[in-house]
Amino acid sequence: MTLLVNGVGGVIVETEAYDREDPASHSFSGPTPRNAVMFGPPGRAYVYLSYGIHWCLNFVCRETGHGAGVLLRALEPTAGIPSMVERRRQREPRLLCSDPGRLGQALAIDHSLNGKRLDRAPFSLRAAAMPVSVVCGPRIGISKAIDHPWRFGLAGSRYLSRPFR
DNA sequence: ATTAGGATCCTCT
DNA sequence: GAGGATCCTAATG
């Protein structure tokens with residue numbers, strides 16, 4: 001899909017899944033103030049601050065109350081590139097949206113978007129015109145459930161945060 | 001190509 | 001009080 005936030009974004013090329021019975025998931029230990037949105041209705045944004053520095057964007061998935069989400073890890077930038085360059089102070093296309101923190105900065109994600117519907121402004125989502133090939137592998141940067149192959153990438157994309165093996 | 005350290009702060013125990 | 005779904009820079013092999 002193509003994801004835009006206030007007209008800025010691109011093609012989603014990398015994600016990770018997090019589920020309720022998943023020790024690496026924020027929802028693993030049940031609802032808390034931070035993860036409350038994960039337990040709400042699907043189709044909303046779950047935004048959290050990573051390492052005190054980076055705002056990361058997730059899509060809430062599955063049914064209300066389940067506590068699942070998909071972390072957006074990388075986009076191929078296609079829209080609003082000048083805005084991204086300014087926000088990131090970085091012109092190299094591969095360094096604009098390839099990693100969760102970079103993506104958040106390039107799209108100006110912050111806590112004000114937490115809980116917002118993904119089918120309304122400022123979000124815009126458009127499905128790909130044709131089916132695509134997806135590869136999977138272990139998730140990145142976690143210490144539990146490290147063998148679950150729940151990282152997904154667009155096959156052959158040059159905009160992945162890291163290659164798949 | 002790989003490693004190490006720092007920045008920075010919220011969340012939950 | 002500890003630790004994190006990270007990124008950047010600098011130093012080393």
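Chain identifiers are assigned alphabetically (A, B, ...) following the order of the sequence lines, protein sequences preceding nucleic acid strands; residue numbering begins at 1 within each chain.
- Atom-to-atom distance recorded for A:L107:CG and A:L3:CG is 6.0 Å, nearest 0.5 angstrom.
- Looking at heavy-atom distances under 4.0 Å, A:R89 makes no contact with the nucleic acid at all.
- No donor-acceptor contact under 3.5 angstrom links the side chains of A:D99 and A:H54, judged on distance only.
- The span of DNA chain C lying next to chain A, judged by atoms under 4.0 Å from heavy atoms, is bounded 5' to 3' by C:dG4 to C:dC8.
- Taking a pair as Watson-Crick or G-U wobble with both distances under 3.5 Å, DNA chain B forms stems of 3 or more consecutive pairs at B:1-7 with C:6-12, B:9-12 with C:1-4.
- Between A:A45 and A:L57 the shortest heavy-atom distance is CB-CD1, 3.8 Å.
- Rounded to whole Å, the separation between the C1' atoms of C:dG3 and B:dG6 comes to 16 Å.
- The two residues A:T64 and A:P41 come nearest to each other via the heavy atoms OG1-CA, 3.2 Å.
- Between A:G80 and A:V8 the shortest heavy-atom distance is O-CG1, 3.8 Å.
- For the residue pair A:G153 and A:L160, the shortest heavy atom distance occurs at CA-CD2, 4.1 Å.
- Side chains of A:S161 and A:R73: a donor on one and an acceptor on the other come within 3.5 Å.
- For A:F123 against A:R117, the heavy-atom pair with the smallest separation is CD1-O, 3.3 Å.
- Across all strands shown, A:I142 has heavy atoms under 4.0 Å from sugar-phosphate atoms exclusively, and none from any base.
- Here the shortest heavy-atom pairing between A:S29 and A:R20 reads C-NH2, 4.5 Å.
- Applying a 4.0 Å cut-off to non-hydrogen atoms, the residues of residues 45-58 of chain A that approach DNA chain B are A:L49, A:Y51, A:G52, A:I53, listed by residue number.
- A side-chain donor from one of A:H26 and A:Y46 sits under 3.5 Å from a side-chain acceptor of the other.
- No contact: A:R139 has no heavy atom under 4.0 Å from any strand.
- Between A:Q105 and A:R88, the side chains place a donor N or O and an acceptor N or O closer than 3.5 Å (distance only, hydrogens not considered).
- Positionally, the nearest nucleotide of DNA chain C for A:K144 lies more toward the 5' end than for the other of A:Q105 and A:K144.
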